[in-house]
Every structure is written in structure tokens, then in C-alpha cells.
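Please read the structure below before turning to the comments.
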There are 2 protein chains.
Amino acid sequence: MQAVQSEPALNFCQACTVRNRSICADLDDQEICLLNAIGRRKTIAPGEQLLWEGDDAVLVANVIEGVLKLSTQTAEGKEQILGLAYPSDFLGRPFGQTTPYGVEALTETQVCIFQRADFDRFSREHPKLAHKLLERTLTELDRTRRWMLLLGRMNAEQKLASFLVETTERLAPANCSFVPSDGPQTIELPLSRQQIADVLGLTIETVSRQFTKMKNDGLIDVSGRREVTVLRPKELAERAS
Amino acid sequence: MQAVQSEPALNFCQACTVRNRSICADLDDQEICLLNAIGRRKTIAPGEQLLWEGDDAVLVANVIEGVLKLSTQTAEGKEQILGLAYPSDFLGRPFGQTTPYGVEALTETQVCIFQRADFDRFSREHPKLAHKLLERTLTELDRTRRWMLLLGRMNAEQKLASFLVETTERLAPANCSFVPSDGPQTIELPLSRQQIADVLGLTIETVSRQFTKMKNDGLIDVSGRREVTVLRPKELAERAS
DNA sequence: CGCTCGGTTGACACCAGTCAAACGATGTGG
DNA sequence: CCACATCGTTTGACTGGTGTCAACCGAGCG
């Protein structure tokens with residue numbers, strides 16, 4: 001576990017870009033101040049790990065900027081990505097003993113981290129925060145369950161189409177330009193082909209073939225390795241079934 | 001939505017068999033009394049539905065006895081079971097708008113139901129309950145994520161083995177006899193072959209073939225349709241990988 | 001220039017899905 | 001009592017999608 005890149009305890013929260021979307025949203029200025037005192041900002045480079053599977057859960061965090069993956073491995077060493085975390089998402093396992101999955105940054109990422117003990121205490125004393133956390137966890141559970149449908153019942157084409165639709169949606173507010181939702185839209189994928197395969201429960205070859213097929217069908221355009229333009233969002237959504 | 005089989009408002013909670021395991025565990029007698037006043041017991045027959053996918057979420061519930069399934073469907077009508085609920089588990093979507101999955105009883109089931117509005121209010125006023133609910137939801141999220149690994153990365157044999165291992169574990173305390181965990185153990189499956197297939201993201205034929213294979217390999221014994229004896233728990237756990 | 005790395009493409013194998021038939025337990029009506 | 005239908009399950013034959021293995025491509029870099 002490496003040293004935390006701490007910064008002086010100024011009130012970062014007031015200028016925080018996810019202030020109104022994260023679990024802190026319902027707290028008043030005074031409470032924010034208290035929370036600010038126990039939290040620290042940290043920047044994580046792509047590929048760097050924030051939490052390790054099986055470790056004691058000593059940290060929790062809010063995602064401020066960037067994308068991270070939560071993943072676990074089978075006994076044979078195959079990876080399965082359990083979920084992706086975007087800005088305003090919450091990371092970690094409060095009130096738990098061990099972290100049940102690894103967390104790794106996919107892009108340049110900024111998080112707001114707390115010692116778990118501090119955070120646990122704070123949330124016990126501030127039901128508003130605990131309540132927000134509960135709502136968020138319930139939402140995350142719903143999203144995860146929808147992902148099960150994808151893994152259990154969809155074929156490769158439907159999986160990739162679903163992935164592109166969801167990624168476009170979740171990345172859109174970051175670009176923030178008001179793009180008509182049925183027109184072409186370009187996104188930069190935060191994941192490599194291998195990582196997409198791990199998310200979808202496929203192999204890299206199958207993912208690659210599906211990309212090529214969609215390109216040939218005129219649904220998408222693939223410029224660089226990470227750059228994808230969705231040409232026909234509606235048809236793509238249809239293929240996601 | 002049918003009428004609730006309500007009973008006079010005696011204090012059922014005091015005699016509740018899941019009193020110490022459910023989300024009510026941390027409440028004191030006075031709080032239990034208040035909760036008791038807004039809850040109702042209800043018995044559900046196998047096959048009967050408690051919540052409908054897409055409905056307004058008006059009910060939440062604790063499972064007291066029996067097994068239920070949470071499920072959703074693809075556009076093509078294939079079913080995917082998202083999870084199973086056992087005694088002491090919590091059902092429903094507090095603080096949400098619509099129920100994101102259907103809930104149906106698999107066995108004769110007893111639940112303790114609340115109007116969502118009542119429950120939401122109660123949990124806001126009693127942080128102890130909200131906290132238990134949060135812990136439980138976090139645990140459920142972890143369990144669901146482990147299930148994703150099964151759906152995304154395991155083959156049919158590993159899936160069925162995992163299913164039998166988990167079902168044996170979760171059904172064991174109900175039988176309550178102290179069986180040595182490495183000896184033979186008989187359980188009555190709460191699911192049909194088709195439902196097992198829906199849980200594991202397989203077809204009924206594949207499930208059936210895997211049952212036959214495990215029987216021939218001497219790992220299990222299949223007496224009736226629902227009765228399975230695990231002969232070699234350790235080997236079974238190994239196949240679950 | 002050659003190396004590495006991520007991605008693409010091809011050939012092939014195999015697991016699980018599909019379709020179809022048969023089985024066995026249960027129930028119904030004559 | 002038997003004939004027959006029904007339902008969940010099992011078994012068989014075949015297909016096809018996806019995994020596996022391997023070769024190749026193209027960009028970046030020393």
C-alpha cells in the first residue's frame with residue numbers, strides 16, 4: 001500500500017465537480033466541512049491500482065474524474081470485470097472486512113479517499129450521508145443485475161452493442177456538448193479490446209470480429225484504437241435488444 | 001394486485017424466526033413494536049407473484065420462510081433469474097420508483113410486507129434499520145457480483161457445481177441438523193430444471209445433461225426430480241473451480 | 001532496421017443451443 | 001381397469017457460435 005498523495009486540508013468540496021451528484025449531495029456546508037477534514041484528494045495514473053482483491057478494506061472513495069474498473073479472477077486466472085466506476089460513483093466496502101474485488105484506474109483519475117474507519121464513523125453520525133449511500137448502493141445493485149442479463153442471455157453482437165450504448169450514455173455528460181441523441185456521436189473508449197472482452201465475458205478475438213462486423217454494416221466507425229463513432233444510434237440500440 | 005391476507009396487529013416480530021438475522025436485528029423492543037404496527041404477514045403459494053417487473057414499487061418485504069426468485073426477461077422473452085431470496089433476505093426497492101424485476105415464490109413462502117411509503121418513513125426515522133439495510137444491500141451487491149463471474153466465465157459443469165454448492169450451503173441451516181460438511185448431504189431443490197437453467201444462463205437440456213454426467217461420475221445422486229444427494233462435497237466444490 | 005505491443009484475421013474444434021423424440025409419473029374419463 | 005393426455009424431464013442427432021491457436025498487421029520506439 002503506497003503513501004497517499006495528500007494535500008493541505010483546504011475545502012476542496014466546495015469546488016468539487018461532482019458535488020451535486022455524489023453521495024455528498026444532501027450535506028449542508030457545515031457537514032461538508034467536517035467531511036472535507038477527513039478526506040483527501042488523490043490522482044491515479046492509468047493502470048494503477050487503488051484497491052486489491054482480498055485486502056483489508058481500509059479505504060473508501062468517491063470518483064471525481066476518470067474511469068475505473070472493478071474486477072475479480074477465476075481460479076484459472078481469467079479475469080471478469082464486475083463493473084466500471086464513473087465520476088460521482090462510490091468505491092469500496094464500508095462496514096465490511098475485506099474488499100471483494102480489485103479496483104484499477106483505466107484513465108487518468110481523480111478520487112476523494114477516506115480511511116474506512118473515519119468514513120464509517122461519519123456516516124453513522126450523519127444519516128443523510130448514509131441514506132444517500134444506501135440509495136446509490138441500491139441503484140448499483142439494479143445496474144449490476146441488468147448486467148447479469150447481458151452476461152447470461154445475450155450473444156456477442158448484443159453484448160457489444162449494449163456496451164457501446166451504455167458507454168456512450170455514461171460518457172456523454174462529460175463531453176457535455178448538446179448532441180442530438182439520434183445523430184452520430186464520437187466517444188473515446190476508456191477500455192482496451194481485452195478489457196472490453198473482460199467486461200462482456202468474451203474473448204478479445206470475438207470482440208474484434210464484432211467491431212469489424214459493425215463497421216462493415218455501417219453502424220459505427222472505428223478511427224483509432226480507442227475512438228469510435230456511433231453512426232446509427234437507433235440501429236445500435238436495436239441490436240442491443 | 002390482490003388483497004393482502006392481513007392478520008390482527010399482534011406482535012409477530014417477537015416470535016419471528018428470522019428476528020436475529022433480518023434487517024430488524026438491531027432494533028430494540030420498542031422499535032420492533034412500531035415496526036410491527038406497519039407490517040403484515042402474508043403467505044404465498046408456489047408460483048404466485050409478489051412483485052411485478054416494471055410495476056410501481058409499493059411494497060417491500062422480509063422473507064421469513066421459503067425461497068423466491070427475482071427475474072427479468074430479454075426482449076425475445078428469454079428469462080434470466082437475477083437472484084434467489086432465502087429466509088431473512090430483504091425484497092423490494094425502497095426509495096425507488098419502479099420495481100426493476102419480478103418476484104415470484106418458488107416454494108410455500110411466508111413474508112413480512114410493508115407499504116413502501118410506511119417503510120421509507122420508518123427507516124428515515126430509525127437510522128439503525130437504515131444502516132442494517134445498507135449493510136445487507138452491500139452484501140447482496142457483493143454476492144451478485146460473484147454471480148457475474150459465474151455467468152461470464154464458467155462453463156456448464158462449473159455453473160451447475162457452483163449452484164449445487166451454494167444451494168446446499170444456503171439450505172443447510174433450515175434443515176438444521178449438524179451434518180459434517182464433508183459427508184453426503186441430501187437437499188430438496190426449490191427450483192425446477194428450467195428454473196435452474198434460468199439461474200445459470202443455460203438451457204434445460206444442458207442442465208439435464210450435466211446432472212446425468214455428475215450422477216454417472218458418482219458425485220451426486222438424483223432420487224426424485226427435486227431431491228439431490230451430494231456424495232462428494234469436496235470434489236463438487238473443486239468442479240465449481 | 002528490428003523489436004514490441006495491441007489489434008485483426010483465418011482455420012479449426014468443441015461446447016452448448018436447437019429441434020425432435022421418447023420417457024415416466026400423474027391425472028382424467030370411459 | 002385401461003386408454004389417453006399432460007407435464008417435466010431425459011436423451012439423441014445435428015448445428016452454429018464462440019473459444020482456441022496461430023499468423024499477420026501496423027504503429028510506436030530505440
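Naming convention: chains lettered A, B, ... in sequence-line order (proteins, then strands); numbering from 1 in each chain. Excluded from the calculations below are hydrogen atoms, water molecules and symmetry mates; all remaining heavy atoms, backbone and side chain alike, are included.
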* Mark yes or no for whether A:Ser208, through its side chain, and A:Ile204, through its backbone, hold a donor-acceptor pair below 3.5 Å. => no

* To do: Determine yes or no for a side-chain-to-main-chain donor-acceptor pair under 3.5 angstrom, with A:Thr107 supplying the side chain and A:Val67 the backbone.
  =>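 Yes; at least one donor-acceptor contact below 3.5 Å.
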
Quick one: side chains of residues 148-159 of chain B, donor-acceptor pairs under 3.5 Å with protein atoms, not counting sequence neighbours, listed by atom name and distance.
{"from": "B:Arg153", "atom 1": "NE", "to": "A:Glu79", "atom 2": "O", "distance (Å)": "2.9"}
{"from": "B:Arg153", "atom 1": "NH1", "to": "A:Leu202", "atom 2": "O", "distance (Å)": "3.2"}
{"from": "B:Arg153", "atom 1": "NH2", "to": "A:Glu79", "atom 2": "O", "distance (Å)": "3.4"}
{"from": "B:Arg153", "atom 1": "NH2", "to": "A:Ala197", "atom 2": "O", "distance (Å)": "3.4"}
{"from": "B:Arg153", "atom 1": "NH2", "to": "A:Asp198", "atom 2": "OD1", "distance (Å)": "3.1"}
{"from": "B:Arg153", "atom 1": "NH2", "to": "A:Leu202", "atom 2": "O", "distance (Å)": "3.3"}
{"from": "B:Asn155", "atom 1": "OD1", "to": "B:Glu157", "atom 2": "N", "distance (Å)": "3.3"}
{"from": "B:Asn155", "atom 1": "OD1", "to": "B:Gln158", "atom 2": "N", "distance (Å)": "2.9"}
{"from": "B:Glu157", "atom 1": "OE2", "to": "B:Lys213", "atom 2": "NZ", "distance (Å)": "3.0"}
{"from": "B:Glu157", "atom 1": "OE2", "to": "B:Arg239", "atom 2": "NH1", "distance (Å)": "2.6"}
{"from": "B:Gln158", "atom 1": "OE1", "to": "B:Asn155", "atom 2": "N", "distance (Å)": "3.0"}
{"from": "B:Gln158", "atom 1": "NE2", "to": "A:Glu76", "atom 2": "OE2", "distance (Å)": "3.1"}
{"from": "B:Lys159", "atom 1": "NZ", "to": "B:Leu200", "atom 2": "O", "distance (Å)": "3.0"}

* Could you tell me which residues satisfy side-chain hydrogen bond (donor to acceptor under 3.5 Å, both in side chains) with A:Thr229, sequence neighbours excluded, listed by chain and number? =>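 Expected list: A:Thr186.
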
* Structure fact -> Those residues at least two apart in sequence (or on a different chain) that pass side-chain hydrogen bond (donor to acceptor under 3.5 Å, both in side chains) with B:Tyr86 are none

* Any side-chain heavy atom of B:Pro233 within less than 4.5 Å of one from B:Thr168? ->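 They are not in contact (no side-chain heavy atoms under 4.5 Å apart), so the answer is no.
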
* Asked: Near DNA chain C, under 4.0 Å by heavy atom, which residues of residues 204-224 of chain B?
  ->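 The stretch gives B:Glu205, B:Thr206, B:Arg209 as the residues lying under 4.0 Å from the strand, ordered by number.
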
Dump every N/O contact between nucleotides 23-27 of chain C and the protein below 3.5 Å, one line per pair.
{"from": "C:dG24", "atom 1": "N2", "to": "B:Arg225", "atom 2": "NH2", "distance (Å)": "3.4"}

* Asked: When you measure from every atom of DNA chain D, which of residues 152-163 of chain A have a heavy atom less than 4.0 Å away?
  -> A:Asn155, A:Ala156

* To do: May I ask you to list the residues of residues 194-203 of chain A, by number, that have any heavy atom positioned under 4.0 Å from an atom of DNA chain D?
  =>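 Contacting residues: A:Gly201, A:Leu202, A:Thr203.
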
Below 3.5 Å, can you tabulate the donor-acceptor pairs from side chains in residues 219-228 of chain A to any protein atom, sequence neighbours excluded?
{"from": "A:Arg226", "atom 1": "NH1", "to": "A:Leu189", "atom 2": "O", "distance (Å)": "3.4"}
{"from": "A:Arg226", "atom 1": "NH1", "to": "A:Pro190", "atom 2": "O", "distance (Å)": "3.4"}

* With B:Lys69 as reference, evaluate B:Glu53, B:Glu104, B:Glu48 under the salt bridge (Lys or Arg N to Asp or Glu O under 4.0 Å) test and give the passing residue. =>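 That would be B:Glu104.
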
* To do: Please check if any side-chain donor atom of A:Arg93 sits under 3.5 Å from a side-chain acceptor atom of B:Thr139, or the reverse.
  =>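 Yes - a donor-acceptor pair under 3.5 Å links their side chains.
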
* Listed by chain and number, what are the ring-ring contact (aromatic ring centres under 6.0 Å, His included) partners of B:Phe211, not counting sequence neighbours? ->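 Expected list: none.
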
* OG1/B:Thr109 to CG/B:Leu50 distance, rounded to the nearest 0.5 angstrom? ->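 Atom-to-atom, B:Thr109:OG1 and B:Leu50:CG are 9.0 Å apart.
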
* Separation between CZ of A:Phe163 and CG of A:Leu160, rounded to the nearest 0.5 Å -> 7.5 Å

* Asked: What residue pairs, at least two apart or across chains, pass salt bridge (Lys or Arg N to Asp or Glu O under 4.0 Å) with a residue in residues 200-211 of chain A?
  ->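 The answer is none; no pair qualifies.
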
* Which residue pairs satisfy the salt bridge (Lys or Arg N to Asp or Glu O under 4.0 Å) criterion with at least one member in residues 81-91 of chain A, sequence neighbours excluded? -> A:Asp89-A:Arg136, A:Asp89-A:Arg170

* **DNA chain D: 5'-most and 3'-most nucleotides touching chain A, 4.0 angstrom heavy-atom criterion** => D:dT18 to D:dG26

* **A:Arg232, CZ: over 12 other non-hydrogen atoms inside 6.0 angstrom** =>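 Check fails, neighbour count at 12 or below.
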
